[in-house]
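Order of the sequence lines fixes the chain letters, A, B, ..., with proteins taken first and strands second; residue numbering starts at 1 for each chain.
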Amino acid sequence: MIDVEIHQRLGDFQLDVDFSGDGGVTALFGPSGSGKSSVIKFIAGLTRLRSGRIVVDDAVMADGQGRHVPPYRRRIGVVFQEARLFPHMSVGRNLRYGRLFTPRGQRHIAEGPVIDTLGIGHLLDRHPATLSGGEQQRVSLGRALLASPRLLLMDEPLASLDAPRRLEILPLIEALRDEFAIPIVYVSHAVEEVVRLASKVVVLEAGKVARVGSPTDVFRVAADRFEIMSVIEGRLGPPNAPFHLTPVETPAGIVWLNGLVRPLGREVRVLVHATDVALATHRPDGVTIRTVLAGTVAEVPEGSGSSVTIDVELDGGSHLAASVTRAAVAELDLKPGRQVFALVKSVALDERPL
Amino acid sequence: MIDVEIHQRLGDFQLDVDFSGDGGVTALFGPSGSGKSSVIKFIAGLTRLRSGRIVVDDAVMADGQGRHVPPYRRRIGVVFQEARLFPHMSVGRNLRYGRLFTPRGQRHIAEGPVIDTLGIGHLLDRHPATLSGGEQQRVSLGRALLASPRLLLMDEPLASLDAPRRLEILPLIEALRDEFAIPIVYVSHAVEEVVRLASKVVVLEAGKVARVGSPTDVFRVAADRFEIMSVIEGRLGPPNAPFHLTPVETPAGIVWLNGLVRPLGREVRVLVHATDVALATHRPDGVTIRTVLAGTVAEVPEGSGSSVTIDVELDGGSHLAASVTRAAVAELDLKPGRQVFALVKSVALDERPL
Amino acid sequence: MPDLSPDAWIAIALSFKVAAVATLCGVPVSTVLALILARGRFPGKALFDGLIHLPLVLPPVVTGYALLLLLGRKGLIGAFLDQHFGIVFAFRWTGAVVAAVVMSLPIIVRAIRLSIEAVDTRLEQASGALGAGPFATFFLVTLPLSLPGILVGATLGFAKALGEFGATITFVSNIPGETRTIASAIYTASQSPEGDGEALLLSVIAACIGLTALVASEIIARWFRRASS
Amino acid sequence: MPDLSPDAWIAIALSFKVAAVATLCGVPVSTVLALILARGRFPGKALFDGLIHLPLVLPPVVTGYALLLLLGRKGLIGAFLDQHFGIVFAFRWTGAVVAAVVMSLPIIVRAIRLSIEAVDTRLEQASGALGAGPFATFFLVTLPLSLPGILVGATLGFAKALGEFGATITFVSNIPGETRTIASAIYTASQSPEGDGEALLLSVIAACIGLTALVASEIIARWFRRASS
Amino acid sequence: DQVRVFAAASVAPSLQKIADTYKADKGVEVLVTPAASGALARQIEAGAPADVFISADLKWMTYANEKGLMKTGSSFNLLGNSLVLVAAKDDKVAVDLADKAALPAVLGDERLAIGEAKSVPAGAYAEEALKSLGLFEAVAPRFAPAENVRVALQMVARGEAKLGIVYGTDAAAEPGVAVVATFPEASHKAIVYPIGLTKDAGPGAADFIAYLKGPEADAVFTAAGFIKPAK
Ligand SMILES: Nc1ncnc2c1ncn2[C@@H]1O[C@H](COP(=O)(O)OP(=O)(O)OP(=O)(O)O)[C@@H](O)[C@H]1O
Ligand SMILES: Nc1ncnc2c1ncn2[C@@H]1O[C@H](COP(=O)(O)OP(=O)(O)OP(=O)(O)O)[C@@H](O)[C@H]1O
Ligand SMILES: [Mg+2]
Ligand SMILES: [Mg+2]
């Protein structure tokens with residue numbers, strides 16, 4: 001759905017990026033100054049491409065050879081890293097700005113739900129100057145959405161929001177992705193968000209693509225152990241209403257999700273942080289941890305720090321990363337081939353399946 | 001060290017805040033639009049106080065009655081939520097700006113280490129306009145530090161930085177707090193940061209102080225279960241060098257810290273997320289979880305969701321919050337007075353003690 | 001003000017009309033010119049810029065004379081306008097408007113251009129990304145954000161139009177009731193010693209009108225600033 | 001340009017000197033006035049603002065006459081300056097500078113004020129929070145960020161000083177070599193039937209000087225914009 | 001109907017008074033448009049609505065005639081003027097123009113206000129007179145050329161210039177100055193104000209010119225200090 005190839009110098013900074021994204025969320029991930037915002041600006045057409053190619057939905061937006069569809073004809077929504085609200089317009093007029101230029105038939109996204117979810121209904125008559133940082137960011141997000149773009153570029157849209165507010169807004173972005181089928185390029189430093197939203201992660205480093213792949217693949221080898229995650233696929237079982245839990249049936253055992261998730265039988269992906277997994281050599285009992293998955297140790301990397309990330313092949317073939325201390329590895333004699341039970345604190349899973 | 005009392009209307013927003021901070025880090029925490037930045041601006045003297053009192057180190061900065069020490073005489077450093085860099089000066093000149101107005105004898109903070117830690121050495125000749133969002137934020141942080149202020153106000157200074165970069169910068173802030181003994185008022189949405197840095201947390205909600213206290217106390221009753229934390233105090237034991245672990249001896253058992261932390265015998269505080277704690281009815285074995293603490297269930301709140309946060313009184317009297325599913329509570333028949341073992345995934349503890 | 005002759009009152013009314021119309025015409029024209037100069041890139045831009053500034057550099061009489069040569073009924077452009085559209089500027093109050101516009105153009109254009117160049121281009125980018133074409137962006141973002149400059153331009157233009165004398169009297173003469181503005185009336189009065197009192201009185205009146213316009217513009221500016229915060 | 005009389009060359013040199021000095025004096029004065037008007041709050045501010053704009057509203061001759069009354073050797077202020085400091089403006093080129101400064105003041109002040117008011121006050125706040133007092137903040141932040149306006153002010157002031165005629169000739173007369181500027185020379189030439197050629201030639205020269213100043217200011221502005229990005 | 005008179009600024013005040021009585025007497029409105037003679041001549045050339053042109057000197061009437069702007073033979077000298085040396089009223093000075101040393105001596109290093117010779121007729125006459133009296137070389141460096149005679153007068157009245165050379169009419173009207181000496185008629189060309197009908201003058205214009213030659217007008221002109229033109 002989107003093809004990006006950029007070879008260009010910005011001052012002293014050389015950007016050489018080549019990736020494509022499908023219909024879902026493509027995450028741009030990488031350290032500060034790695035070129036994420038620059039890529040966004042090229043896709044939006046705000047920086048002129050001199051060498052490379054930007055294609056959205058089979059339409060060539062720029063080919064570095066003179067073809068340069070101006071930004072206002074691209075129908076690409078941008079949530080900028082800074083809010084960039086129009087200071088002379090009320091919040092309401094800011095929000096409705098894009099709508100003016102959206103053909104009537106393409107105004108897919110209704111105002112009410114967006115404003116409600118963003119919690120900015122009480123700000124409509126205010127001017128941007130007096131808004132708080134997070135309020136500005138939410139209005140800016142709303143403004144981009146309400147233009148009903150055919151591609152959405154979001155540059156750290158939730159950076160200055162508190163955790164509860166983020167959790168409220170994430171479903172909105174998921175709805176854009178799923179219900180409205182708007183492809184999204186999403187810049188974020190929050191692994192949680194990226195993993196939850198993205199089907200593809202492009203990791204930038206110093207202007208180059210360092211890794212590309214699914215969140216699982218990319219974060220499995222992430223440099224920082226807090227970023228390592230696994231994804232387990234399964235099928236929703238009948239919810240346990242009194243206890244507000246829903247089982248996800250997987251070949252390796254049942255993963256318990258918090259909340260009542262339906263419909264029965266739906267295929268879901270469940271996300272597990274490597275740091276939320278403990279391993280036991282026999283099936284434990286009398287423990288509050290309810291999700292216990294059976295498998296065998298596939299790989300125990302050498303290491304010199306206190307922790308290592310062990311690769312466990314679960315029954316059924318999917319892989320699970322578990323971050324454990326080397327001391328425990330030695331004590332329990334964990335080595336490839338050894339049968340283990342992975343204990344996953346169900347409460348540490350995300351509220352909604354991916 | 002700092003006393004803040006503010007009663008003032010900003011447009012439709014009524015701010016009524018009263019708190020004090022000691023020499024360490026006082027965190028301002030709260031949802032978007034709760035008044036955190038407004039408080040910062042009052043302390044810095046950028047908004048004129050009409051009713052209330054701001055006292056820093058026994059000096060009355062503003063008393064709402066005409067006394068208003070102008071900002072430039074307060075020697076209070078501010079890291080703004082937006083970077084506010086001077087666009088006509090190079091990064092280097094931005095960084096050195098505050099130094100011009102700092103009496104020679106009070107220039108405590110050396111340039112080199114700050115610039116190195118922030119990773120902005122290669123930007124010194126650049127102008128702010130072309131910096132990335134995170135680069136701007138780091139320069140702005142450096143600029144405030146290099147003025148060697150006697151009080152530092154930081155408004156989400158790490159919001160747009162990647163996790164590894166944050167982990168690099170946090171020790172710098174800790175050094176300001178510990179080595180230079182600069183009191184800090186710190187606004188952040190990241191519970192991790194707040195817990196790591198702050199000795200006191202002031203939670204704002206809609207312009208009022210909702211809760212005040214130590215991070216433990218505050219996050220113990222936090223509305224969002226991801227924010228609930230406990231603090232356990234103990235004494236450093238002899239590190240286990242081969243496995244890179246350090247024991248913290250507590251009456252309830254040993255807490256294993258990743259890394260080699262010294263000196264032996266030092267009193268430390270260890271932080272535990274409620275979501276990182278599992279409970280078992282008998283001491284487990286054959287599990288990679290190494291930190292097992294003994295205690296009794298003190299309280300099991302009623303609840304209707306999937307999880308509840310159980311209060312466990314550890315042997316020795318300190319309290320530990322554990323977030324578990326209600327299903328597990330029922331199955332294991334957890335109730336007050338019941339002997340339990342708390343399993344804490346050591347790898348989920350913070351790298352450094354608080 | 002009983003000692004003011006009826007002619008003087010007519011001159012005041014005329015000046016007011018000329019200044020108002022000159023401002024109303026001058027500001028839009030200047031806005032377009034300022035936009036072209038601020039954003040446009042074309043060969044000869046410097047020359048074009050210079051041409052606009054010319055009335056500032058030359059003595060007003062020369063500008064007036066140039067206008068007479070160009071726009072007079074027998075002038076290059078004037079003859080054309082007269083024959084094809086029946087538009088005559090020479091020796092009409094509309095000519096005084098033209099003179100005032102030309103003379104105040106450099107000042108107004110500069111003020112507006114300064115404001116346009118101060119507009120944060122990132123906001124214009126944001127507008128573009130929201131689907132607004134160059135025109136829409138100009139009218140919805142650039143122009144409103146340049147309002148301080150436009151207001152200053154209008155104020156300066158109005159004041160200048162009130163005070164303009166040299167080019168006006170040279171281009172459209174000093175015909176009572178038709179082209180005798182306050183400035184020309186002051187000149188006329190000052191030609192005889194008995195006129196000194198009237199000249200002074202007229203000067204004070206001109207100053208008062210100018211001051212009123214100024215205060216009005218300050219109030220509008222303040223109101224505008226308040227509206228956007 | 002062989003047909004230009006030596007007198008004309010002297011007038012050109014003098015104009016250049018007067019315009020340059022007027023710009024050098026007018027810009028700092030205007031900057032201070034602009035700052036006072038942009039930021040100050042005091043009673044009578046509107047009147048003060050009006051006073052500065054007066055030369056725009058009144059015919060130049062009236063302004064010149066007022067200068068004569070105030071700053072002439074027998075004038076209110078002039079006599080004082082003469083007796084206590086030996087400063088005389090009447091019939092001196094310095095008087096031409098004064099006339100040019102007064103006449104261009106409203107334009108320069110407005111341009112600079114516009115730029116000062118466009119400076120993001122949050123940057124000034126940041127400066128204050130870094131320990132810079134009002135003066136330091138003004139010189140290190142406000143002023144450099146107002147440079148576009150100051151440059152425009154300087155350009156307009158220079159151009160206006162070149163073209164100023166009415167107030168100058170009334171205040172300091174038209175003495176060859178002392179107070180006869182290009183503008184006076186052009187006017188004088190244009191007032192006799194045979195003078196057309198010389199008037200035209202001088203006008204072209206004045207236009208060229210103005211254009212050069214304009215181009216120079218554009219180059220400086222572009223260089224400055226590039227330096228801050 | 002109307003008679004539209006383009007008149008040199010210096011004649012305009014008197015002319016306006018005459019116009020007022022003319023309207024009262026004859027019921028014909030006279031519209032007086034004052035400006036510099038040169039500007040008026042060029043405006044007429046550019047098609048300005050004028051029936052009568054009164055110039056402050058011969059050269060612009062000549063210009064108008066040469067360009068064919070005037071009705072042939074319609075122009076004649078309506079008025080004359082004298083040229084006088086003035087000083088501020090309180091300034092007790094006496095100058096004998098016949099004594100070549102007197103004027104420079106009185107002047108010292110002060111200024112002599114005159115009209116700018118090229119643009120103001122009075123200035124041209126003044127230069128001519130000074131030359132013929134042999135005073136020019138001595139006083140030329142002390143000139144303070146003004147844009148019009150009124151300004152020159154003010155310079156003298158205000159004490160900015162020690163002396164001034166202006167028309168008798170101006171000196172008579174300005175209470176702040178006193179006439180120190182009158183230049184001999186022979187020292188300069190006759191000062192005349194030519195008047196004429198423009199090429200497309202309306203029918204009433206000739207009547208008004210006739211009226212200007214009549215006794216009512218003459219009284220006004222004389223009161224203002226104008227004299228009969230030298231033939
Ligand atoms: N015009 C320019 N001249 C020089 N360097 C530039 C220019 N534009 C961008 N850069 C540099 O390119 C790099 C990438 O910038 P970009 O804004 O894309 O980073 P980013 O990945 O969005 O970082 P962040 O997470 O901090 O926002 C930065 O180091 C920046 O300084
Ligand atoms: N002048 C004003 N007029 C009206 N409302 C104002 C004004 N100034 C601030 N507010 C409101 O006060 C509230 C607090 O703003 P503040 O910037 O302090 O929030 P914050 O806690 O910093 O939020 P964030 O985390 O989003 O930055 C916001 O809802 C804001 O809209
Ligand atoms: Mg960025
Ligand atoms: Mg804030």
Side-chain angles (χ1 to χ4, degrees), chain C residues 45-47 49-51 53-63 65-66 104 106-107 110-111 113-115 117-119 148-149 152-153 155-156 158-166 170 181-184 186-187 190 199-200 202-203 206-215 218 221 225, chain D residues 45-47 49-51 53-63 65-66 104 106-107 110-111 113-115 117-119 148-149 152-153 155-156 158-160 162-166 182-187 190-191 196 199-200 202-203 206-215 218 221 225:
Chain C
K45 181 172 151 180
L47 214 70
D49 197 14
L51 204 67
H53 283 75
L54 218 50
L56 210 57
V57 180
L58 296 177
V61 173
V62 173
T63 307
Y65 191 48
S104 56
I107 313 177
R110 271 302 192 165
R113 181 174 167 191
L114 204 52
S115 262
E117 286 176 337
V119 170
V152 165
T155 317
L156 290 179
F158 187 84
K160 176 76 200 166
L162 276 182
E164 215 308 296
F165 163 66
T170 311
T181 59
I182 301 187
S184 313
I186 293 175
Y187 167 76
S190 72
L200 183 66
L202 280 169
S203 296
C208 287
I209 298 178
L211 192 65
T212 310
L214 208 65
V215 169
E218 296 279 350
R225 247 173 284 155
Chain D
K45 181 173 153 181
L47 214 68
D49 196 14
L51 205 67
H53 282 75
L54 220 48
L56 210 58
V57 180
L58 297 176
V61 174
V62 174
T63 307
Y65 190 58
S104 55
I107 312 176
R110 271 304 193 166
R113 180 175 167 190
L114 204 51
S115 263
E117 286 177 336
V119 170
V152 165
T155 317
L156 289 179
F158 187 84
K160 176 77 201 165
L162 277 182
E164 215 311 293
F165 158 67
I182 305 188
S184 315
I186 295 174
Y187 173 77
S190 74
Q191 291 305 306
D196 281 0
L200 185 66
L202 281 170
S203 293
C208 287
I209 298 177
L211 193 65
T212 310
L214 208 66
V215 168
E218 296 278 352
R225 246 173 285 153

Out of [options], which one racks up the most heavy-atom pairs below 4.5 Å with chain D?
options                                : value
C:Leu47, C:Ile209, C:Ile107, C:Leu51   : C:Ile107
C:Ala207, C:Gly166, C:Gly163, C:Ala206 : C:Gly163
C:Leu56, C:Leu202, C:Ile186            : C:Leu56

Tell me the closest heavy-atom pair linking [X] and [Y], and the distance in Å.
X       : Y        : answer
C:Pro59 : D:Ala183 : CG-O, 3.5 Å
D:Ala46 : C:Leu211 : O-CD1, 3.6 Å
C:Val62 : D:Ser203 : CG1-OG, 3.6 Å

Checking C:Tyr187 against chain D: side chain, backbone, both or neither under 4.5 Å from a heavy atom?
->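 For C:Tyr187, neither part sits under 4.5 Å from chain D.
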At what distance, to the nearest 0.5 angstrom, does CG of C:Leu214 lie from CG of D:Asp49?
->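 One finds 4.5 Å between CG of C:Leu214 and CG of D:Asp49.
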Contact winner vs chain C - D:Thr63, D:Leu58, D:Ile182, heavy-atom pairs under 4.5 Å =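 It is D:Leu58.
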Could you tell me which of D:Val215, D:Leu200, D:Leu162, D:Val152 has the largest number of non-hydrogen atom pairs under 4.5 Å with chain C?
-> D:Val152
For the residue pair [X] and [Y], establish whether any side-chain heavy-atom pair is separated by less than 4.5 Å.
X        : Y        : value
C:His53  : D:Leu156 : yes
C:Thr155 : D:Arg110 : yes
C:Val61  : D:Ser190 : yes

Proximity breakdown for D:Ala199 and chain C, heavy-atom pairs closer than 4.5 Å | neither
